[in-house]
Amino acid sequence: MTGYSPADLAARLARGLLSFPVTHFHDDLSFDENGYREHIERLGRYRVAGLFAAGGTGEFFSLSGAEVDTVLRAAVATAPPGTPVVAPAGYGTATAVELARAAERAGADGVLLFPPYLTETEQEGLAAHVTAVCRATSLGVVVYNRANARYSAETVERLAVDCPNLVGFKDGAGDLEQLTRIRARLRDRLTYIGGQPTAELFALPYLQLGVSTYSSAIFNFAPRFALDFYAAVRAGKRETVLDLLEDFVIPYTELRDRRRGHAVSIVKAGLRVTGHPAGPVRPPLVDLDAAERTRLTELLQRVAE
């Protein structure tokens, strides 16, 4: 554990690109801890602001609670010194509370709170869900705004008052009006994180709203490209960013969107193409087919490192 207070964690995450590593599996779909640790070590040669273990790109939805703990502990043990490690929590409130407490025991520096499993609910219920998790841990908590967990500005404002260790708002919804309302109310109370699949696509407009960082799945297989892209965004080099979007990111997302669930599958395919295989995805996801892998190989020649 690197010893980040919630406030320190929020400040650190806001200052750079965020790593969301895939979770490695053997062919029988069991966790490949050695492969995962090697991946964390390889990515650790590049400077990032935080590492989110077993997140969405890490197939959190396919892991058991015990596996989440194993993956998290491997990340904590292997991450570069000083790099904060953020753990996942989610599903029902009771399970999310257990995962948050386990994350603290495992040495994590923060918690990313996923939407509650399946259930549609009112803002009052979402607020109770977040509050229970925040009160269960001393770690800084980042809420993930997407799917059935869309937080209104009023709810986020109330949570920010009631939960001092609520430090971040990760947006996976892409609703600029919603984010603008939240940003106007809370200003710099929270760190704002871009969290759409292939968040690079949203980086320029989101920066204008104070979203200074985002989760980069591309960083898994093209870390130098991902960091150069982020640097161009932060430096306001719009033409450079637009060129990179046109040349690689947009064609990549078009391939990603050919089939459902490929936001994760295409990342593992990218690792295989670049010589760092991470194994298959777990059901219910499916891997890229041969034609899709061929197209990805062609695209990756544009960002070869």
Side-chain angles (χ1 to χ4, degrees), residues 2 4 8-23 39-58 75 78-88 108-110 112 140 142 144 167-172 174 179 190-238 240-245 247-250 252-253 256 263-264 266-267 270-271 274 276 278 300 303-305:
T2 51
Y4 284 91
D8 291 340
L9 177 68
R12 172 61 189 261
L13 295 180
R15 291 200 296 264
L17 190 67
L18 303 179
S19 173
F20 276 67
V22 300
T23 299
H39 185 54
I40 298 299
E41 289 177 354
R42 183 175 64 88
L43 295 183
R45 300 170 194 156
Y46 302 88
R47 183 173 176 80
V48 294
L51 188 160
F52 287 65
T57 304
T78 314
T83 299
V85 176
V86 180
D109 299 286
L112 174 62
V142 177
Y144 198 175
V167 299
F169 183 89
K170 182 182 179 186
D171 181 56
L179 187 58
L190 300 175
T191 289
Y192 302 90
I193 300 170
Q196 298 85 353
T198 318
E200 282 84 357
L201 202 60
F202 298 81
L204 270 182
Y206 266 38
L207 185 63
Q208 303 304 310
L209 289 172
V211 182
S212 63
T213 185
Y214 52 84
S215 56
S216 178
I218 290 174
F219 180 73
N220 279 276
F221 58 81
R224 176 48 54 197
F225 173 86
L227 287 168
D228 288 347
F229 186 98
Y230 177 79
V233 170
R234 292 304 305 271
K237 297 180 179 179
R238 293 179 179 274
T240 298
V241 173
L242 292 173
D243 287 342
L244 295 173
L245 286 170
D247 187 51
F248 176 72
V249 177
I250 291 175
Y252 171 85
T253 60
R256 178 203 71 193
V264 176
I266 196 172
V267 179
L271 280 163
T274 55
H276 304 284
L300 285 173
V303 295
E305 300 188 3

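Between Val267 and Ala263, the shortest heavy-atom contact is CG2-O, 3.3 Å. Listed here is the closest heavy atom pair of Val211 and Leu179: CG2-CD2, 3.7 Å. Between Pro21 and Leu43 the shortest heavy-atom distance is CB-CD1, 4.3 Å. The heavy-atom pair separating Leu207 from Val233 by the smallest distance is CD2-O, 3.3 Å. Nearest approach of Ala10 to Val167, heavy atoms of both residues: CB-CB, 3.7 Å. Annotation for Ala222 and Val303: closest pair CB-CG2, 4.4 Å, computed over non-hydrogen atoms.
Considering only residues two or more places apart in sequence or on other chains, Asp228 meets the salt bridge (Lys or Arg N to Asp or Glu O under 4.0 Å) condition with Arg224.
Looking at Arg256, its side chain does come within 3.5 Å of a backbone N or O of Pro197 through a donor-acceptor pair. A donor-acceptor pair under 3.5 Å is formed between the side chain of Thr23 and the backbone N or O of Gly58. Panel note: side chain Thr78, backbone Ala75; no donor-acceptor pair is recorded below 3.5 Å. The backbone N or O of Phe219 sits less than 3.5 Å from a side-chain atom of Ser216, completing a donor-acceptor pair.
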**Request:** Report the C-alpha distance between Phe225 and Phe248 in whole Å, list the side-chain angles of each, state the deciding distance to 0.1 Å, and finish with yes or no for ring-ring contact (aromatic ring centres under 6.0 Å, His included).
**Result:** CA-CA 10 Å; Phe225 173 86; Phe248 176 72; 5.3 Å; yes

**Item:** Steps toward side-chain contact (heavy atoms from CB on, under 4.5 Å) verdict (Val86, Tyr4)
**Value:** CA-CA 11 Å; Val86 180; Tyr4 284 91; over 6 Å; no

**Request:** Under the side-chain contact (heavy atoms from CB on, under 4.5 Å) rule, what do Tyr206 and Gln196 come out as? Steps first, then yes or no, please.
**Result:** CA-CA 11 Å; Tyr206 266 38; Gln196 298 85 353; 2.8 Å; yes

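Note that the CG atom of Leu18 and the OG atom of Ser215 stand 7.0 Å from one another [nearest 0.5 Å]. Atom OG1 of residue Thr83 and atom CG of residue Asp109 lie 9.5 Å apart, to the nearest 0.5 angstrom. Note that CZ of Phe169 is 8.5 Å distant from CG of Leu190, once rounded to the nearest 0.5 Å. For the atom pair OG1 of Thr213 and CZ of Arg12, the computed distance is 10.5 Å after rounding to the nearest 0.5 Å. Taken to the nearest 0.5 Å, the CG atom of Leu245 stands 11.5 Å off from the CZ atom of Arg238. The distance from the CZ atom of Phe229 to the CD atom of Glu200 is 5.5 Å, given to the nearest 0.5 Å.
Pro88 has its side chain out of reach of Leu112: every pair of non-hydrogen atoms, C-beta onward, lies at least 4.5 Å apart. Annotation: side chain of Phe221 is not in contact with side chain of Ile266 (no heavy-atom distance under 4.5 Å).
Aromatic pair Tyr214/Tyr230: centroids less than 6.0 angstrom apart.
Side-chain atoms of Asp171 and Tyr144 include no donor-acceptor pair closer than 3.5 Å. Using a 3.5 Å distance cut-off with no hydrogens or angles, the side chains of His39 and Asn220 do pair a donor with an acceptor. Side-chain atoms of Ser212 and Arg15 form no donor-acceptor pair, as typed in the model, at a separation below 3.5 Å.
Within 6.0 Å of atom CZ in Arg47, 12 or fewer heavy atoms from other residues, nucleotides or ligands are found, so the atom counts as exposed in its surroundings.
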